[in-house]
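One structure is given here, and the rest of the page talks about it.
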Number of protein chains: 2
Amino acid sequence: VTVQSYDPRSGATVAEIEETDPQEFTSILAQAEAATPVLAATSPTERRRWLYAIAEGLERNRDELVALADRETALGAERLQGEIDRTTKSQLRFYGDVAEEGSYLGVSIEEPTEGKPSLVRVNRPVGPVAVFGASNFPFAFSVLGSDTASAIAAGCPVVAKAHPAHVGVSQLQHAIAAEALAEAGAPTGTFAMVNGFQNGIDLVKAQAIQAVAFTGSQTGGLALWRIANERPIPIPVYAEMGTVNPVVVTREGAASMDEVAAGFVGSFTLGSGQFCTKPGLLLAPAGCGAPAAICAALQAMAPEPVMLTKAISAGVVAGVFEFVGSGAAVLAQTTPGDDGFAAPAIIYVAEIGALTQGSRLLEECFGAVAVVCEYRDDEELAVALAALQPSLAASIITGGPTDSQAAGVVDVLSSRVGRLVIDGWPTGVTCSWAQHHGGPWPSTTIPQATSVGAHALDRFIRPMTFQNTPDSWLPPAGQAANPWGIPRRVNGDLRTASRSE
Amino acid sequence: VTVQSYDPRSGATVAEIEETDPQEFTSILAQAEAATPVLAATSPTERRRWLYAIAEGLERNRDELVALADRETALGAERLQGEIDRTTKSQLRFYGDVAEEGSYLGVSIEEPTEGKPSLVRVNRPVGPVAVFGASNFPFAFSVLGSDTASAIAAGCPVVAKAHPAHVGVSQLQHAIAAEALAEAGAPTGTFAMVNGFQNGIDLVKAQAIQAVAFTGSQTGGLALWRIANERPIPIPVYAEMGTVNPVVVTREGAASMDEVAAGFVGSFTLGSGQFCTKPGLLLAPAGCGAPAAICAALQAMAPEPVMLTKAISAGVVAGVFEFVGSGAAVLAQTTPGDDGFAAPAIIYVAEIGALTQGSRLLEECFGAVAVVCEYRDDEELAVALAALQPSLAASIITGGPTDSQAAGVVDVLSSRVGRLVIDGWPTGVTCSWAQHHGGPWPSTTIPQATSVGAHALDRFIRPMTFQNTPDSWLPPAGQAANPWGIPRRVNGDLRTASRSE
């Protein structure tokens with residue numbers, strides 16, 4: 001049995017890869033399990049070296065990777081070159097640096113006092129992590145993407161599932177990583193890949209797997225979450241899923257409506273609208289000409305979306321029936337090409353009263369699809385905001401820091417999203433220390449967790465406290481001499497790495 | 001309909017309290033929901049003041065509380081006085097101090113650089129928390145215990161469920177807290193209590209509730225976990241449950257077997273064996289006389305267990321059939337009294353080969369019950385350790401830092417417990433910065449979380465990132481001037497509070 005990927009521009013087969021057979025599947029899990037204590041015993045600096053080696057491997061094969069990924073995704077060479085940069089610099093190398101900095105180890109030391117024992121608290125890696133990448137990021141959220149990089153950085157072996165939509169470039173990345181890790185001296189079992197739908201399900205059920213990281217649709221993420229909860233020993237599923245990511249334009253923000261419209265259309269059609277942070281709903285004050293301006297911006301920009309898969313392309317068309325059935329009307333749309341997985345870009349318009357809890361209009365339609373509604377007053381806006389499904393992100397387009405309407409909207413949206421953007425668009429998620437990419441259910445299964453940024457490592461550790469334990473039996477992170485030079489809390493007092501203890 | 005509590009020493013009714021009626025239940029949840037944004041907008045210093053006020057209220061009513069709790073639990077005045085100290089000093093006041101210190105807010109700030117926006121990451125309270133206390137701690141893990149204190153410290157309203165085994169002292173504590181909070185100026189809805197079994201279930205199902213904290217049996221905790229996962233919007237259940245908490249005595253550690261035996265019997269019979277950290281299994285080297293020494297220690301100590309409830313007392317007796325049916329034999333037991341909920345203390349002995357995965361001998365029997373097994377060599381010990389159910393805690397009794405056998409056991413047990421104690425017993429859990437009380441499933445539902453120690457607050461927050469947001473719209477914790485003077489990360493650099501920014 002094989003898995004095939006297709007060229008979205010033509011529909012032609014690009015790659016055809018054998019599914020992992022049962023014997024190999026078993027062997028991969030056994031190796032991941034065997035590698036667990038070995039990885040746990042390595043230093044973050046050592047794992048940082050492995051991640052840098054993978055990054056270098058990707059960069060050495062950059063042109064081949066981009067060419068193959070472009071054939072499988074039609075995302076274009078420029079975007080894919082940028083994605084390789086993100087993967088190698090902002091993820092693989094950055095997470096290695098975060099591991100070495102050592103705050104993720106959460107070390108807290110208490111010296112014994114009368115009646116109280118010595119305690120040393122240290123975060124430890126959980127063990128093998130299953131990683132499910134997304135169709136829309138063949139590098140940054142695929143087999144060597146953010147989840148894999150942060151899990152290895154935290155000291156966990158990874159078994160990734162090849163993504164069927166880009167199974168060829170999944171396989172190429174696996175081969176590059178395998179070679180880089182072997183050369184860097186990482187133990188066998190540090191990273192492996194399985195291929196095939198059922199193998200993905202079996203991965204979540206496998207006793208060796210201790211956590212699952214997933215990026216994709218609500219349907220896919222919640223299915224894995226349910227499987228993981230039915231295990232004899234349930235494990236966490238960190239699923240980062242698609243949402244509608246609303247944009248609110250305040251009355252002051254609507255002053256430059258043409259500019260707002262151009263920005264909105266640029267954001268929701270970027271990458272053919274195939275981002276989990278795509279703004280799918282815009283709420284603008286009535287009487288400012290938002291629908292006409294957005295309609296004009298779409299016609300001027302005239303995007304030609306090509307979708308990653310046939311199913312995604314079909315979903316855009318099916319969305320028309322669903323959205324119109326929920327009270328929206330098509331305001332403007334582009335005409336798709338005839339070849340491959342082409343789809344229209346579509347803007348719907350709806351009465352704001354149609355935005356009731358559970359409405360299809362408040363859920364994601366993956367693709368260059370968005371809904372525009374006008375609010376007549378604060379009351380109408382408040383009712384609509386209260387009905388919103390929680391989202392990964394939201395934007396507010398304001399008149400600046402003195403915009404009193406905006407300040408109120410900030411308060412309301414803060415309780416419903418994981419990231420709030422002022423005077424910008426939700427697409428584009430920097431991978432850095434201060435990032436959080438994860439909102440309340442159903443945008444993520446575990447809203448405390450982020451799939452982007454330094455805290456991505458926190459998903460793959462669990463704390464442990466050693467009581468009255470001789471120094472030589474402690475993990476190095478907790479030993480008195482602080483051999484890794486990391487920030488630690490000592491007797492309640494937080495000490496940065498540079499300060500001597 | 002009422003809930004009644006009973007005197008464990010006689011079986012007589014102590015208190016009889018009306019179940020919360022549906023109208024009051026609805027009103028309690030509405031008030032908790034209304035208080036959510038108000039609490040989120042308060043400073044940690046303000047909430048610290050509320051927690052100190054509750055602590056003072058408990059201390060003012062100390063004697064009445066202890067007398068009533070002793071009638072409902074039979075835990076004795078000395079133990080209960082100590083538990084009030086723990087609750088007021090090490091929990092209510094300590095968590096207030098932890099909140100004020102501000103690390104739990106996890107603030108990370110990134111100033112804009114070319115091509116990258118400003119980002120401010122701040123942890124925010126999740127909203128109303130349902131708290132289910134434990135029968136064995138009428139103060140420290142009951143309606144004003146560790147979960148309630150840490151949730152309020154983190155800025156979340158709490159709705160606690162009265163514990164049926166000490167419903168009288170639950171009600172008294174609720175009244176004390178309500179008065180203290182009102183006097184301190186905390187908003188209505190900050191803390192409430194419901195009474196009745198079905199009200200507990202309805203609490204977990206209530207839309208307003210955003211997280212559940214539970215301390216008790218695996219049966220109870222997992223039942224709530226399942227209910228929470230079946231909600232339209234699932235919420236986390238932080239359940240801290242009972243486990244067997246194994247003790248390994250190394251060959252060198254067995255040198256002073258009489259002392260080890262006395263320590264072990266003291267620990268497993270403490271509080272009539274009614275601790276989630278009770279050591280329920282001791283693995284000792286063969287030929288060192290462990291069974292005889294432990295038998296003698298039990299006879300010398302002659303504990304007279306009185307259990308918290310009739311059901312717990314009956315569970316100890318039922319355990320005999322289960323344990324003997326699983327290959328153990330009764331090595332020694334005390335004779336229980338005739339009155340109330342008296343029960344025997346029991347030591348079983350079993351062949352180490354009986355410790356197979358899933359055996360009843362590897363699960364908790366709540367009460368003064370423990371199993372002793374002897375291992376002939378490292379191989380036999382390793383097989384037994386591999387079969388263990390993960391536990392909250394484990395102990396190793398060693399010959400000191402040069403004990404090479406102990407170092408290996410540290411490695412093995414580290415992967416299976418949340419806290420490892422060297423040359424001490426697992427009972428006794430300090431509430432401090434470096435504590436972790438939570439192990440792998442099934443000892444807790446979420447092993448990353450702790451129900452004791454500074455990090456208990458982390459269960460009740462979720463991170464959020466503000467992008468390109470004017471300073472005045474940010475939560476105070478993230479504002480440029482650092483008005484709360486808390487530790488923060490700025491452009492990736494961790495800065496303690498004392499250091500100027």
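In what follows, chains carry the letters A, B, and so on, assigned in the order in which the sequence lines appear, proteins first and then strands, with residues in each chain numbered from 1. Because only heavy atoms are used, hydrogens play no part in the values below, and waters and symmetry mates are left out as well, while side chains stay in.
- Contact annotation for A/P232: only backbone heavy atoms (N, CA, C, O) come within less than 4.5 Å of a heavy atom of chain B.
- Partners of A/W473 by ring-ring contact (aromatic ring centres under 6.0 Å, His included), not counting sequence neighbours: none found.
- Of the two parts of A/P463, the backbone and the side chain both hold a non-hydrogen atom closer than 4.5 Å to a non-hydrogen atom of chain B.
- No donor-acceptor pair closer than 3.5 Å links the side chain of A/T469 to the backbone N or O of B/V421.
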Under 3.5 Å, which donor-acceptor pairs link side chains of residues 111-118 of chain A to any protein atom two or more places apart or in another chain?
from: A/E111; atom 1: OE1; to: A/N491; atom 2: ND2; distance (Å): 2.8
from: A/S118; atom 1: OG; to: A/N468; atom 2: N; distance (Å): 3.3

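- The stretch residues 449-458 of chain B places B/T450, B/H455 near chain A, each with some heavy atom under 4.5 Å from a heavy atom of that chain.
- Interface residue A/R459: only backbone heavy atoms are found under 4.5 Å from chain B.
- Contacts of A/Q210 with chain B are absent, with no heavy-atom separation under 4.5 Å from either backbone or side chain.
- The salt bridge (Lys or Arg N to Asp or Glu O under 4.0 Å) contacts involving residues 465-475 of chain A comprise nothing, where partners must be two or more places apart or lie in separate chains.
- B/R121 and A/Q435 share no donor-acceptor pair across their side chains, judged by distance under 3.5 Å alone.
- For the 3.5 Å distance criterion, the side chains of B/S415 and A/R124 fail to qualify, holding no donor opposite an acceptor.
- Neither the backbone nor the side chain of A/S395 has a heavy atom closer than 4.5 Å to any heavy atom of chain B.
- Heavy atoms of A/V107 lying under 4.5 Å from chain B are absent altogether.
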